[in-house]
Amino acid sequence: MKTIVADILDQSLAQLPELAEAAADLPVESTIERTRDASHGDFASNLAMRLAKPARMSPRDIATRLVDHMADNDALDKVEIAGPGFINFHLGAGAYHSELATILEQGEDYGRQARRAQPRILLEFVSANPTGPLHVGHGRLAAYGATVGNLLEAAGYKVAREYYVNDAGRQMDILGLSVYLRWLEALDQDFEFPDGGYRGDYIRDIAGELEAEDVRVLDDLFDGLPDGDKDEIIDELIGRAKRRLGLGTFAEIRQQALESIRADIEEDLAEFGVTFDRWFSEQSLTTEGRIDAALTVLEKSGKVYEKDGAKWFRATDFGDEKDRVVVRANGNKTYFASDIAYHYDKRERGFDLLIDVLGADHHGYISRVGGGLAAMGYAAEDLEVKLVQFVALFRGGEKVQMSTRSGEFETLRQLRAEVGNDAARFFYVSRSNDQHLDFDLDVAKSESNDNPVYYIQYAHARIASVFRQLAERDLVWDADNGRAAMGLLGEPQEKALMTTLSRYPEMIELAATNRAPQHLVHYLRDLANDFHTYYNAHAFIVDDAALRDARLVLISAARVVIANGLTILGVSAPEAM
RNA sequence: GCGCCCGUAGCUCAGUAGGAUAGAGCACCGGAUUCCUAAUCCGGGGGUCGCAGGUUCGAAUCCUGCCGGGCGCACCA
């Protein structure tokens, strides 16, 4: 709908060369916005004010010229110049009526834009370490990433979703050791479980199902353990287990634990409506030689040097605080080396824009990885990182304490079971990603008017209910008749609803561009409010068939848009509540 | 110490590449149902947009400094 106004302005501008020149760098559409006050019309443009300086004319003179050169347009009622030089556009009812027809015609495609070839987007999110179940913080990453992915697709982009599985390195050895120790415990071996191990109940579950071929009891594993801090003790135990069980057997335990946890995460997310096109294994980077290949490219850039026996990446050249080690003195590659290799691989696979959704504690990582990309012949700007701030759970007004150490953290599963998937998906994205989230469990699970999820779903269910009532009264909705009678929709509540509906495509575009799902949440709340207000003010199923059919056109359109928006959020749109 | 994010109503937060009198929910007060679901609606009070400067026709929004809160600064992953 905004394009109607943009076209009119564009065409007027084209006839005024002296202004068109000044506006060369200014997309006309970006000057147009919805008005906040209905007396200012439907859309307003600040184009004249923006051109005043480059064109060296007064804003009001510019506005006058623009308006004088506008061709007549059926969609337009009138155009006014107001205030310091705003051009206000008043659309006719016909523009809204045709928008309603478009909504019904396009159905679930309404608000979706045509495919854009560029950029091809790789969206990486969650990527939690496969050392235990997802907790509530990961849930926010999942809900945010999934919704941003849906928004980008609605805006026409091709999006691939990926989960990076950190299945390499020391933490995997600790995982394997933890499982083996629980397996020993189950066979009545007596020892104190080391502090540095993973001690959640899920480790016992995995141990209970352990099926490694040559696994056997090492009853002297803890004999003569040297003193040391918890990391040294863990490393010593890992070394002993590897030597005595054999590397192959230890690796088998480790892989079994990894796969069990990874599968659990995948199932958890799938139940949450979050799926991925690919689970990218960090191990595969090593086995396929990609880390070495990336390091070779990086070294050719001249941004790698040796110091103290290690190889360092000159990250400070790319805005990082300090240079970063990529290969340690002991020859092991760092996690940072895998990260660079992974992101290099993403670009090599043909993705133009890499969006990473990360926890807020990863902010130090942005300039580093971006710098790596730049050094390897791509651009730091190819990587866009969306940081998501932490989640605090509140129950009964009290903050719920979360402790990973004790294994007593709140898992995503527990949260989903407590408040339901719909409320969880909704609440997670209802705040800006860079705002801390206070998740109030009592509100999220209350089946009452306190709960904004129900408020929106209820609007959808109510519309469905109206159509059920219609059938019960042996009436049939004649949509063609309704479309022909849309001129009867003159009530203020009807106009308000039509206006909000017509905003949907603009809002989707905005939310996608800004990776800001909260716009959609707020929009749906507004839309539901407009519908509920209308519902309370006027009956839809009236005796006058033309009016009835027209009103049913309007609320059908509302149903379509609410359902489309909820689908993007990953929230169900119930027919009845 | 350095870096990133945040500071808007009593509480939780929106606020669109700067735009016209700053919005919503909750809470509080007062109303609405012989009629399509009251999980609803209508009305009301509530604000020095952390503070101080700057940029300009115009700043909650951009810039600088300060104050307050969160997070991060490994040859860990």
Side-chain angles (χ1 to χ4, degrees), chain A residues 27 30-31 33-37 39-40 44 46 49-50 52-53 58-59 82-86 88 129 131 166 168-172 174 231 282 307-312 319-322 324-330 332-336 338-339 359-367 387 389-390 394 430-438 440 443 446-455 457-459 461-470 472-473 506-507 509-511 513-514 516 518-519 521-522 525-526 528-529 531-542 551 555 576-577:
Chain A
S30 74
T31 71
E33 60 184 18
R34 293 273 175 171
T35 57
R36 209 181 311 164
D37 186 333
S39 70
H40 297 142
N46 62 8
M49 279 124 77
R50 304 270 289 269
K53 189 170 278 182
S58 85
F86 289 105
N88 292 337
N129 288 340
T131 54
N166 293 125
R170 180 167 172 267
Q171 61 176 358
M172 285 298 105
I174 298 175
D231 284 329
E282 183 187 357
K307 191 182 82 177
D308 303 331
K311 289 186 179 176
W312 297 72
D320 201 357
E321 306 161 12
K322 56 181 79 168
R324 305 289 169 178
V325 172
V326 286
V327 182
R328 289 198 282 273
N330 65 12
N332 288 342
K333 285 119 192 166
T334 61
Y335 181 78
F336 174 52
S338 334
D339 269 343
D361 52 337
H362 285 72
H363 64 75
Y365 153 120
I366 303 171
S367 58
L387 295 174
Q389 297 291 331
F390 294 156
F394 284 80
S430 64
R431 303 282 179 257
S432 161
N433 60 289
D434 47 28
Q435 190 80 237
H436 288 258
L437 178 66
D438 288 342
D440 191 325
V443 170
S446 74
E447 297 196 6
S448 76
N449 47 1
D450 291 346
N451 197 327
V453 190
Y454 291 111
Y455 183 84
Q457 290 181 319
Y458 183 47
R462 259 185 159 177
I463 297 170
S465 170
V466 170
F467 281 89
R468 285 193 295 271
Q469 278 293 319
L470 191 71
E472 276 182 30
R473 298 184 198 183
E506 295 154 35
M507 182 280 307
E509 164 102 43
L510 175 74
T513 303
N514 293 343
Q518 76 273 14
H519 288 311
V521 169
H522 288 271
R525 211 259 150 215
D526 287 346
N529 182 31
F531 169 74
H532 286 308
T533 299
Y534 182 31
Y535 183 100
N536 274 273
H538 302 285
F540 309 140
I541 305 177
V542 292
R551 287 182 171 172
I555 67 169
M577 288 172 71

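Chain letters run A, B, ... following the sequence lines, proteins first, then strands; residues in each count from 1.
The NE2 atom of A:H519 lies 5.0 Å from the CG atom of A:N514; values are rounded to the nearest 0.5 Å. Atom OG of A:S30 and atom CZ of A:R50 lie 5.0 Å apart (nearest 0.5 Å). Of the inter-residue distances, the one linking A:L387 atom CG with A:I366 atom CD1 reads 4.5 Å to the nearest 0.5 angstrom. Here the NE2 atom belonging to A:H522 is positioned 9.0 Å from the CG atom belonging to A:D526, to the nearest 0.5 angstrom.
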Given the rule that a pair is Watson-Crick or G-U wobble with both distances under 3.5 Å, how would you write RNA chain B in dot-bracket, using | for pairs to a different strand?
(((((((..((((.....[...)))).(((((.......))))).....(((((..]....))))))))))))....
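Using a 4.0 Å heavy-atom cutoff across all strands shown, A:R34 reaches no nucleic acid atom at all. Contact annotation for A:A461: base contact, defined as any heavy-atom pair under 4.0 Å involving a base atom. Counting non-hydrogen atoms under 4.0 angstrom, A:A576 reaches a base of the nucleic acid. Residue-level contact check: A:N332 touches neither bases nor backbone, having no heavy atom under 4.0 Å from any strand. Heavy atoms of A:K307 sit under 4.0 angstrom from at least one base atom. Here A:D434 lies in heavy-atom contact (under 4.0 Å) with sugar-phosphate atoms only. A:S432 comes within 4.0 angstrom of the backbone, heavy atoms only, and of no base. A:S30 comes within 4.0 angstrom of a base, heavy atoms only. Nucleic acid contact for A:A44: base, since at least one base atom lies under 4.0 Å from a heavy atom of the residue. At the heavy-atom level, A:D37 lies under 4.0 Å from base atoms of the strands shown.
Counting to the nearest Å, the P atom of B:rA39 and the CG atom of A:N536 are 11 Å from each other. A:Y535 places its OH atom 11 Å from the P atom of B:rC35, with the value rounded to the nearest Å. Summarising the geometry, the separation between CG on A:L387 and P on B:rC6 is reported as 10 Å, rounded to the nearest angstrom. Across the protein-nucleic acid pair, A:R431 atom CZ and B:rC26 atom C1' stand 11 Å apart, rounded to whole Å. Here the P atom of nucleotide B:rC42 and the CZ atom of A:F531 are 13 Å apart, to the nearest Å. Rounded to an integer number of Å, the gap from CD of A:E282 to C1' of B:rA77 is 8 Å. Between A:R525 atom CZ and B:rG23 atom C1' the separation is 12 Å, expressed in whole Å. Note: CG (A:L470) to P (B:rC36) measures 14 Å, nearest angstrom.
Residues meeting the side-chain contact (heavy atoms from CB on, under 4.5 Å) test with A:V325, sequence neighbours left out: A:A310, A:W312, A:R328, A:T334. A:Y365 pairs by the side-chain hydrogen bond (donor to acceptor under 3.5 Å, both in side chains) definition with nothing, not counting sequence neighbours. Listed by chain and residue number, A:S432 satisfy the side-chain hydrogen bond (donor to acceptor under 3.5 Å, both in side chains) test with A:D434 (two or more places apart in sequence, or in another chain). Scored by the ring pair (Phe, Tyr, Trp, His ring centres under 6.0 Å) test, A:H532 finds A:Y455, A:Y458 as partners (sequence neighbours excluded).
Checked by atom type and distance alone, the side chain of A:N88 never pairs as donor or acceptor with a backbone atom of A:A44 at under 3.5 Å. Looking at A:S465, its side chain never comes within 3.5 Å of a backbone N or O of A:A461 through a donor-acceptor pair. With hydrogens and angles ignored, the 3.5 Å screen pairs no side-chain donor or acceptor of A:N46 with any backbone N or O of A:F86.
Here A:R328 reaches the OP1 or OP2 of B:rA77: one of its side-chain N or O atoms lies under 4.0 Å away. Phosphate proximity of B:rA74 to A:T334: absent, as no side-chain N or O sits under 4.0 Å from OP1 or OP2. Contact check, A:R462 against B:rA38: a side-chain N or O comes under 4.0 Å of OP1 or OP2. Between A:Q435 and B:rU12 there is no side-chain polar atom (N or O) within less than 4.0 angstrom of OP1 or OP2. The phosphate of B:rC41 has OP1 or OP2 within less than 4.0 Å of a side-chain N or O from A:N529.
Comparing B:rC62 with B:rU8, their P atoms are spaced 16 Å from each other, to the whole Å. The gap from the C1' atom of B:rG65 to that of B:rA22 amounts to 26 Å, rounded to the nearest Å. Comparing the C1' positions of B:rC71 and B:rC75 gives an interatomic distance of 24 Å, to the nearest angstrom. Straight-line distance between the C1' atoms of B:rG3 and B:rC29: roughly 48 Å, to the nearest whole Å. The C1' atoms of B:rG54 and B:rG31 are separated by 50 Å, rounded to the nearest whole Å. Using atom P as the reference point in both B:rU61 and B:rC49, the two lie 10 Å apart (nearest Å). Nucleotides B:rU16 and B:rA74 place their C1' atoms 41 Å apart, quoted to the nearest Å. As rounded to the nearest Å, B:rC63 and B:rU55 have P atoms that lie 15 Å from one another.
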Under 3.5 Å, which protein N or O atoms sit close to an N or O of nucleotides 71-73 of chain B? Give each pair with its distance.
residue: B:rC71; atom: O2; partner: A:H363; partner atom: NE2; Å: 3.1
residue: B:rC73; atom: O3'; partner: A:K322; partner atom: NZ; Å: 3.4
residue: B:rC73; atom: O2'; partner: A:E321; partner atom: OE1; Å: 2.8

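Applying the 3.5 Å distance criterion, the base of B:rA20 shares a donor-acceptor pair with the side chain of A:N88.
Relative to the ring axis of A:Y535, A:R462 places its NZ or CZ within 45° and under 6.0 Å from the centre.
Which of B:rG19, B:rC36, B:rU16 sits closest to the side chain of A:P84 comes down to B:rG19. Residue A:Q518 has its side chain nearest to B:rG15 when only B:rC36, B:rA22, B:rG15 are considered. Listed nucleotides B:rA20, B:rG19, B:rC36 differ in distance to A:A82; the shortest reach to its side chain belongs to B:rA20. Between B:rU40, B:rC57, B:rU16, one nucleotide has an atom nearer to the side chain of A:L510 than all others, and that is B:rU16.
Using cut-offs of 30° and 60° for the angle between ring planes, the A:F390 and A:H436 rings count as perpendicular.
Residue-to-nucleotide proximity on RNA chain B shows that, of A:A168 and A:D526, the 5′-proximal contact is made by A:D526. Residue whose closest nucleotide on RNA chain B sits further toward the 5' end, between A:V325 and A:M577: A:M577.
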